[in-house]
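Counting starts at 1 for both ligands and their atoms, following the listed order. Everything numeric in this text was worked out from a predicted model, so none of it was measured.
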Amino acid sequence: MKVLKVVSNVALLMVLVFSLVACAAPATPAPAAAPAEKKEFTYNTMTMCYPQLGAESDWRTANTASFKETAGELGVRLIFSDAQQKQENQISAMRACIAQGVNIIALPPVVEDGWDAVLKEAKDAGIPVIIVDRSVKADKSLYAAHIGSNMVQEGEKAGNEMNKLLPDGGKIIELSGTTGSGAATGRAEGFRKTLNKNIEILDSQTGNFTRAEGKPVMEAFLKKYGADIKGAFIHNDDMAIGAIEAMKAAGLKPGDIKVVSVDGTRGGFQAMVDGWIQADVECNPLLGPQTMELALNILNGKPFEAETLTKEEVYYPDKAAELLPSRKY
Ligand code: GYE
């Protein structure tokens, strides 16, 4: 009985309170536009989706490690996948993340075109997207920010190095990155912009950023153009390492062909120590910490940079041995 009474008293009280609130409402209207208290994200409450494009190079391995390690250190929940260099896999991974209701997506796009539909799906679901590393050709309203390297500038640096290495001009070949990727397109463009007129690009083929594909492409170049090749612009260190194997097999000595490469991985540094690469344009894969900080700012409505470009140098054989032990990737 006693319990019942308490219950009925509570019920009565609640009716009273509700009617009071209801009566009071018109007198002191709550500001109609006031949003419900917005929760502040912390690293511990943030879920980030990272549909990685593949595992094609040492650069990529370091980039994956940077995201996984940073997430582990900060307590971010990271949903990671590997698309094996296939755009359709990246798109399905993104769709799965959207369906799961992640807070934010960081996308390293394998190629530049073809992202509009899935970016729009993310936007409609209220999930901001940060484009990481390579660029996309999509309307800027479809993503929140981009963080990565200026690929055109990397190509320009490579062109300057080739000019210095072949002051009297000569014929060269280009081993390019994945066709249609922002990295390959930008590097090719910047390179051609700065290359001296007395240097002729005999041929350009893709090696898809891998050692395995870089080697046969170089073999074919050597067969076709032989001693005419004075220089090689190679879009990453992994393909350069594959190409060096082909050069060795063809009986060439370090420096016979002047090689300008990109990335600045340990493998690239070792090739400089061994005399095979004459200049290595740095491209920094360690984007995890900056991307997660950016993500938190975006989610919390704080000011953030829509474009963050990584600071990068050019490395040469003379310092390679000294710097190699301190290289992080
Ligand atoms: O140079 C290459 C990797 O997109 C910057 O992709 C990246 C490039 C990098 O496979 O090694």
Inset, instruction - With heavy atoms under 4.0 Å as the rule, classify the contact between Glu154 and ligand 1 as side chain, backbone, both or neither. - result: neither
Inset, instruction - Run the numbers for me: atoms of ligand 1, each under 4.0 Å from some heavy atom of Cys283, listed by number. - result: 5 (C)
Legend entry - Atom indices of ligand 1 within 4.0 angstrom of Arg187 heavy atoms, with elements: 1 (O), 5 (C)
Legend entry - Protein heavy atom at shortest distance from atom 5 (C) of ligand 1: Asp133 OD1, 3.2 Å
Inset, instruction - Output the list of atoms in ligand 1 that are nearer than 4.0 Å to some heavy atom of Ser57, sorted by atom number. - result: 2 (C), 3 (C), 10 (O), 11 (O)
Inset, instruction - Considering the heavy atoms of Phe209, write down every atom of ligand 1 situated less than 4.0 Å from one of them. - result: 2 (C), 10 (O)
Inset, instruction - Taking side chain to side chain contact (heavy atoms under 4.5 Å, CB included) as the test, write out the residues that go with Ser81, two or more places apart. - result: Pro51, Ala93
Inset, instruction - Indicate yes or no: does Glu40 engage Lys302 in a salt bridge with an N to O separation below 4.0 Å. - result: yes
Inset, instruction - Determine, considering heavy atoms only, which of Thr310, Asp263, Asn236, Asp58 sits nearest to atom 1 (O) of ligand 1. - result: Asp263
Inset, instruction - May I ask you to list the atoms of ligand 1 that are less than 4.0 angstrom from any heavy atom of Met151? - result: 5 (C)
Inset, instruction - Could you tell me which atoms of ligand 1, counted from 1 in the order shown, lie closer than 4.0 angstrom to a heavy atom of Glu56? - result: 3 (C), 6 (O), 10 (O)
Legend entry - ligand 1 to His235 polar contact by distance, N or O atoms, under 3.5 Å: no
Legend entry - Ser149 touching ligand 1 at heavy-atom level, < 4.0 angstrom: no
Inset, instruction - Would you kindly check if the NZ (Lys) or CZ (Arg) of Arg77 is within the cone defined by 45 degrees around the ring axis of Tyr43 and under 6.0 Å from the six-membered ring centre? - result: no
Legend entry - Arg134, any N or O under 3.5 Å of ligand 1 N or O: yes
Inset, instruction - Answer yes when Glu121 and Arg95 have at least one side-chain N-carboxylate O distance shorter than 4.0 Å, and no when they do not. - result: yes
Legend entry - Single-linkage hydrophobic cluster, 4.5 Å side-chain cutoff, Leu252 and Ile277 together: yes
Inset, instruction - Assert yes or no for the condition that the ring centre distance of Phe80 to Phe67 is strictly below 6.0 Å. - result: no
Legend entry - ring-ring contact (aromatic ring centres under 6.0 Å, His included) partners of residues 183-232, not counting sequence neighbours, each pair once: Phe191-Phe233
Inset, instruction - Answer with yes or no whether the hydrophobic clustering places Ile244 together with Val262; edges join I, L, V, M, F, W, Y residues whose side-chain heavy atoms lie under 4.5 Å apart. - result: no
